[in-house]
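Working notes for the structure below.
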Amino acid sequence: MTVACVKSGDVWTFDDFSPGALLGETSIVIDAERVAAWRDIYGEDGGEGGAGDATGRVPRGLLVAGMMEAYLTAVQPRPPGNVHASQKLRFGRATGRPGDRLDARISCLDKIRRKGRGWVTFLVVLSNAGHEVLSGEIRTVWAR
Amino acid sequence: MGQVKSVGMRNTHHRQAGVPDTLVEMRLETDAAVTRRYAELTTDFNPIHLDEEFARATSFGNPIIHGTLGLNLLVSAIERTFGDALADCRIDVRFIRPVPVGATVVCGGTLSDREQRAYQVFVRTEDGECAVEGTCTVDLT
């Protein structure tokens, strides 16, 4: 059975989410602009194993940035006041290189009400040509 | 624009053993331009990160950096520590405290379990306020 999430109003609310439900799929291209932005922020080499090194692999942090973009694209608009409370990251052995197109799958992993707050955890899986490069769990306090 | 510096030297002896006692410490000076660039990178244009007037009206009082802006400095520190030997990596952190735009953040980690290759990791401001804390476990080739 496919579980669905349906936004009921102007913004996504806690009640709209169903654990296990797919929220969206998108793709992230590791283009020159993205690599340049990373270098502007974190420096020219982007870290060992980074965009400028001999292996050609992009820094893993660039994958994290892509994960956030995928989440923000799939779950919007969001109510003001959400809090990004915690984060799990699991990087696979596969990675990305400049020019690669990463497939992103965004789903609701869990939600719970505790002490008057609604906690929602999202799962974002980034894959490159079918190989998982990053699995990220974004745990949030949902404002509405 | 970015002012990233490694502030801890890699320990060659421990590197050869595969599991150093500490991660390379890295430092990043944040400002409005860095935060704006990170917003463009992630498409996260939440005004709490970018709009001083908006932020003044919130409990934070000033714009704050994106949580993953600091977290990604930690990811870079892990890469710099292990280099090409890093095969698999798992990170589990909590965002403890917001970091105001303009602060310098420092990240690093301390080995907590050599057998498991596990580290206690942190991102903090230069004046010692902890922003992110958690664990990291690595697999090496």
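Predicted, not measured: the structure shown is a model, and the values here were computed from it.
Rounded to the nearest 0.5 Å, atoms OH (A:Tyr71) and OG1 (B:Thr42) are 12.0 Å apart. The structure places CG of A:Asp40 at 14.0 Å from OH of B:Tyr38, a figure rounded to the nearest 0.5 Å. Between atom CG of residue A:Asn82 and atom CD1 of residue B:Ile48 there is a gap of 12.5 Å, rounded to the nearest 0.5 Å. Atom CD of A:Glu33 is separated from atom CD of B:Glu40 by 8.0 Å, given to the nearest 0.5 angstrom. Distance check: B:Arg37 CZ to A:Ile41 CD1 gives 7.0 Å after rounding to the nearest 0.5 Å. Separating the CZ atom in A:Arg90 from the CG atom in B:Asp92 is a distance of 12.5 Å, to the nearest 0.5 Å.
B:Glu52 CD: 12 or fewer foreign heavy atoms inside a 6.0 Å radius. The 12-atom threshold is exceeded at NZ of A:Lys111, counting heavy atoms of other residues, nucleotides or ligands nearer than 6.0 Å. Shown here is A:Arg139, whose CZ atom has more than 12 heavy atoms of other residues, nucleotides or ligands within 6.0 Å. For B:Asp127, the CG atom sits in a packed shell: over 12 heavy atoms of surrounding residues, nucleotides or ligands are nearer than 6.0 Å. Taking a 6.0 Å sphere around CZ of A:Arg101, one finds it holds 12 or fewer heavy atoms contributed by other residues, nucleotides or ligands.
Ion pair B:Asp88/A:Arg93 not flagged as a salt bridge, since none of the NZ, NE, NH1 or NH2 atoms sits closer than 4.0 Å to an Asp/Glu carboxylate oxygen. Salt bridge absent: B:Asp44 and A:Arg78 never bring a charged side-chain N and a carboxylate O closer than 4.0 Å.
Contact of the A:Arg34 side chain with the B:Leu41 side chain is registered, since non-hydrogen atoms from C-beta on lie closer than 4.5 Å. Residues A:Val83 and B:Phe95 are not in side-chain contact: their nearest non-hydrogen atoms beyond the backbone lie 4.5 Å or more apart. Taking the side chain as every heavy atom from C-beta outward, B:Ser76 and A:Trp38 approach each other to under 4.5 Å. Within the 4.5 Å cutoff, side-chain heavy atoms of B:Asp84 are placed close to those of A:Arg57. The side-chain heavy atoms of A:Arg60 and B:Leu86, taken from C-beta on, include a pair separated by under 4.5 Å.
Taking each heavy atom of A:Tyr42 and B:Leu73 in turn, the nearest pair found is CE2-N, 3.9 Å.
A single hydrophobic cluster is seen to contain both A:Val64 and A:Leu72, as judged by linkage of ILVMFWY side chains at heavy-atom distances under 4.5 Å, directly or through other members. Placement of B:Val138 and B:Val19 within a single hydrophobic cluster is found when ILVMFWY residues are connected by side-chain heavy-atom separations under 4.5 Å, directly or transitively. Under the 4.5 Å side-chain heavy-atom criterion for Ile, Leu, Val, Met, Phe, Trp and Tyr, A:Leu123 and A:Ile138 are members of distinct hydrophobic clusters. A:Trp119 and A:Trp12 fall into different hydrophobic clusters, where Ile, Leu, Val, Met, Phe, Trp and Tyr are joined by side-chain heavy atoms under 4.5 Å apart, directly or via other members. Using a 4.5 Å cut-off between side-chain heavy atoms of Ile, Leu, Val, Met, Phe, Trp and Tyr, with links allowed through other members, B:Phe54 and B:Val101 fall into different hydrophobic clusters.
Interface remark: A:Ala65 contributes backbone and side-chain atoms alike to the contact with chain B (heavy atom separation under 4.5 Å).
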Note to self: If you apply the rule side-chain contact (heavy atoms from CB on, under 4.5 Å), what do you find for B:Val75 with A:Leu89, and how did you get there?
What the structure shows: CA-CA 10 Å; B:Val75 173; A:Leu89 300 169; 4.3 Å; yes
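Put simply, of B:Thr35, B:Thr141, B:Val93, the one with the most heavy-atom pairs under 4.5 Å next to chain A is B:Val93.
Within residues 57-72 of chain B, the residues having any heavy atom closer than 4.5 Å to a heavy atom of chain A are B:Thr68, B:Leu69, B:Leu71, B:Asn72, listed by residue number.
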